[in-house]
Amino acid sequence: MKLTFMTRISAALLALSSMLVGAAATPINDIQNLDLIDRAEQNKTAPKVFIISMFTPEANVWYNIPDFNLLARNITVPGFSPLFPDAHCTNDGSICELVTGEGEINAATTISSLVRSSEFDLTHTYFLIAGIAGISPKIGSTGSVTFARYAVQVALQHEIDAREKPSNFNTGYFPQGAEAPDQYPTSLYGTEVFELNDNLRQLAYSFAQNATLNDTSEAQAYRANYAGDSELAPGASAPSVILCDTATSDNYWVGSLLAEAFENTTTLFTNGTGVYCTTQQEDNATLEALLRGAISGLLDFSRIIIMRTASDFERPFAGQTAYEALFAEQGGFDVSVTNIYVAGVEVVKGIVDEWDDQFEAGVKADNYIGDIFGSLGGQPDFGLGSHFGGHKAPSARSLGRRR
C-alpha cells in the first residue's frame with residue numbers, strides 16, 4: 001500500500017511539474033514572437049512623404065536632384081509593375097517615390113501592393129500624386145500646376161457612339177442608372193468621386209507658390225493661339241498655380257465636345273462643387289487603393305495631395321480640328337514635367353521641414369473626405385448619401401476578428 005501511494009504521489013508531482021513547465025513555456029514563446037513582430041515593425045520604412053509617379057519622365061525629374069537623394073535606397077516590392085519593381089527612398093527613409101505604370105489598372109495594382117507591403121509603415125505618410133495632365137484652356141495654360149479637391153471618374157458611364165446618340169442628347173455619355181446626360185447616376189460603383197482634405201490642399205498650394213515655374217518660347221507660341229477666344233483666353237496665359245479638379249479616364253480623349261461633356265459630368269457628379277480643369281488616367285484608381293488601405297487602418301486618407309501639371313490642352317483652338325490638336329507639337333510636355341519637380345519639391349520640403357510643428361500630427365480636414373459611398377464615415381457632400389449610415393465601412397481586419 002505504501003509503495004502504491006508513493007507511486008501515485010510521484011506521478012502527480014511529475015504531472016504538475018510538466019504542467020508548470022508547459023505554462024511557463026508558452027508565455028516565453030509568446031514574448032519571443034512579440035519581440036520578433038516588434039523588431040519587424042521597427043525595421044519598416046516610415047516615409048513622411050511618398051511621391052507617386054505614373055511613368056518614366058515623371059519619375060526621372062526626382063532623381064539626381066540637389067535637395068535629397070531618392071536613389072540612396074531601392075526597395076523591391078512584390079506586386080509592383082515589372083517595369084518599375086522598386087520604391088526609391090532617401091537613406092533615412094523620410095522621402096520615398098514609386099512609379100505605378102500608366103492607366104487605372106496599373107495604378108490600382110501598384111498602390112494596392114504598396115499598401116499591403118510589409119516593407120512600409122504608412123500610418124503617418126503624406127502621399128503626393130505628382131504627374132502631368134491635359135488642361136482646359138478655360139482654366140489655365142500648359143506648364144501650370146494644379147491641386148485638386150475632387151477626382152471624378154468621368155468615363156464610368158453609359159456610352160453611345162455619337163453617330164447613334166438621340167438627337168436631343170448633347171453627348172453620347174450619360175450616367176449609369178440614368179436615361180439622359182443631365183441625370184445623376186443611380187447605379188454606383190463607388191469610385192466615381194473622391195474628395196480630399198482641402199486644408200492640406202491649401203497648404204500644398206501655398207508651398208508651390210514659392211516656386212518659379214518653368215516656361216519655354218515654344219509653349220508660349222502655341223498658347224498664343226487661344227488668346228483671341230474670350231472663353232479660352234486663360235489658355236494663353238503664363239504657367240501658374242491653380243486650385244481646380246481632375247477627371248480620370250483610361251480613354252485618352254480630346255475635343256471640344258468631349259471636353260464639354262466631361263466638364264458637365266464633373267459638375268453633375270460633385271453636385272456643382274467641382275471645378276473641372278485637368279484630365280489624366282490614374283487618380284481615381286490610386287485613390288481607391290489608398291481608401292481601402294485607410295479603411296483597414298494602414299494609412300490616413302486625409303494625407304493625400306493630387307498635384308497635376310499641364311502638358312497639353314484637351315480641346316483645340318479656333319480653326320483647329322480635334323485631330324490636329326491631338327497630334328500638335330504644343331510645347332507643353334517638357335515644361336510640365338520640369339514643373340512637377342519645381343513645384344513638387346516645395347511641397348515635399350514644406351512637409352518635411354514643418355513636420356514637428358504641423359504635419360506629424362496631421363492636418364485636420366474641415367470638409368468631407370473619402371469616396372461617394374461614405375466609406376470612411378460621415379456624409380458625402382455629393383452623391384446619394386452614405387451607404388453605411390454615416391459610419392465607417394467595416395474593414396477586413398474587423399470582419400476577421402468576428403467569431
Side-chain angles (χ1 to χ4, degrees), residues 103-109 111-112 115 129 148-160 165-166 169-198 245-251 253 258 260-296 299 301-302 304 306 365 367-396 398-399:
E104 293 186 71
I105 293 174
N106 281 322
T109 304
I111 300 303
S112 294
V115 168
I129 301 170
R149 173 174 171 176
Y150 295 98
V152 181
Q153 197 173 15
V154 294
L156 192 56
Q157 303 188 75
H158 293 304
E159 180 188 4
I160 299 174
K165 68 178 179 63
F169 278 25
N170 58 2
T171 177
Y173 282 93
F174 57 102
Q176 295 183 135
E179 297 180 353
D182 60 349
Q183 296 175 5
Y184 205 90
T186 57
S187 176
L188 298 172
Y189 290 0
T191 59
E192 287 83 356
V193 186
F194 292 92
E195 185 172 354
L196 302 183
N197 184 343
D198 191 52
D245 301 308
T246 195
T248 301
S249 169
D250 269 328
N251 189 336
W253 55 269
L258 286 174
E260 291 173 4
F262 294 141
E263 181 180 347
N264 292 337
T265 296
T266 299
T267 300
L268 177 68
F269 281 23
T270 62
N271 287 0
T273 307
V275 179
Y276 162 90
C277 77
T278 63
T279 70
Q280 38 66 37
Q281 296 178 297
E282 297 88 13
D283 288 354
N284 282 59
T286 296
L287 293 174
E288 177 65 16
L290 291 173
L291 179 110
R292 295 189 187 189
I295 291 172
S296 297
L299 59 94
F301 198 80
S302 71
I304 301 171
I306 294 178
N367 60 297
Y368 169 82
I369 60 169
D371 63 351
I372 200 168
F373 281 168
S375 299
L376 297 178
Q379 289 290 344
D381 47 8
F382 50 85
L384 306 176
S386 170
H387 279 226
F388 306 100
H391 301 291
K392 182 179 178 180
S395 69
S398 65
L399 290 173

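All residue numbers in this chain count up from 1 along the given sequence. All values below come from the heavy atoms of this structure, side chains included, with hydrogens, waters and symmetry mates left out.
Taking all atoms of both residues into account, the shortest heavy-atom contact from S386 to G374 is OG-O, 4.1 Å. F262 and Y276 make their closest contact through O-CD1, 4.0 Å (heavy atoms, listed as atom of the first residue, atom of the second, distance). What you find for V154 and A247 is that their closest heavy atoms are CG1-CB, 3.6 Å.
Between T246 and the options T278, T266, T279, N284, a side chain to side chain donor-acceptor pair (under 3.5 Å) holds for only T278.
Counting heavy atoms of neighbouring residues, nucleotides and ligands inside a 6.0 Å radius, atom CD1 of I160 exceeds 12 of them.
Ring geometry for Y150 versus F382: interplanar angle over 60°, hence perpendicular rather than tilted (30 to 60°). Between F373 and H387, the two ring planes are tilted [angle within 30° to 60°]. Taking the six-membered ring for Trp and thresholds of 30 and 60 degrees, F174 and F169 have ring planes more than 60 degrees apart, a perpendicular arrangement.
At distances below 3.5 Å, not a single donor-acceptor pair connects side-chain atoms of S187 with backbone N or O atoms of Q176. E195 places no side-chain N or O within donor-acceptor distance of the main-chain N or O of I369, the cut-off being under 3.5 Å. Using a distance-only test at 3.5 Å, with no hydrogens or angles considered, a donor-acceptor pair links the side chain of N367 to the main chain of L196.
Within the structure, the salt bridge (charged side-chain N to carboxylate O under 4.0 Å, His left out) test picks out the following pairs touching residues 285-296 (sequence neighbours left out): E288-R292. Screening residues 369-381 for side-chain hydrogen bond (donor to acceptor under 3.5 Å, both in side chains), with sequence neighbours left out, gives D371-S375.
Remark: N170 pairs with P181, N264 by the side chain to side chain contact (heavy atoms under 4.5 Å, CB included) rule, at least two apart or across chains. Among residues two or more places apart in sequence or in another chain, the ring-ring contact (aromatic ring centres under 6.0 Å, His included) test is passed with Y184 by F269. With sequence neighbours excluded, no residue forms a side-chain hydrogen bond (donor to acceptor under 3.5 Å, both in side chains) with D245. Shown here are the side-chain hydrogen bond (donor to acceptor under 3.5 Å, both in side chains) partners of T265, two or more places apart in sequence or in another chain: Q157.
In this structure, CG on N197 lies 9.5 Å from CD1 on I304, to the nearest 0.5 angstrom. Rounding to the nearest 0.5 Å places CZ of F388 at 9.5 Å from CG of L376. Going from atom CG of L290 over to atom OG of S112 covers 8.5 Å, rounded to the nearest 0.5 Å. A distance of 11.5 Å separates CD in Q281 from OG1 in T286, rounded to the nearest 0.5 Å. For the atom pair CD1 (I306) and CZ (R149), the distance works out to 13.0 Å, reported to the nearest 0.5 Å.
T248 and Q280 share a side-chain donor-acceptor pair at under 3.5 Å.
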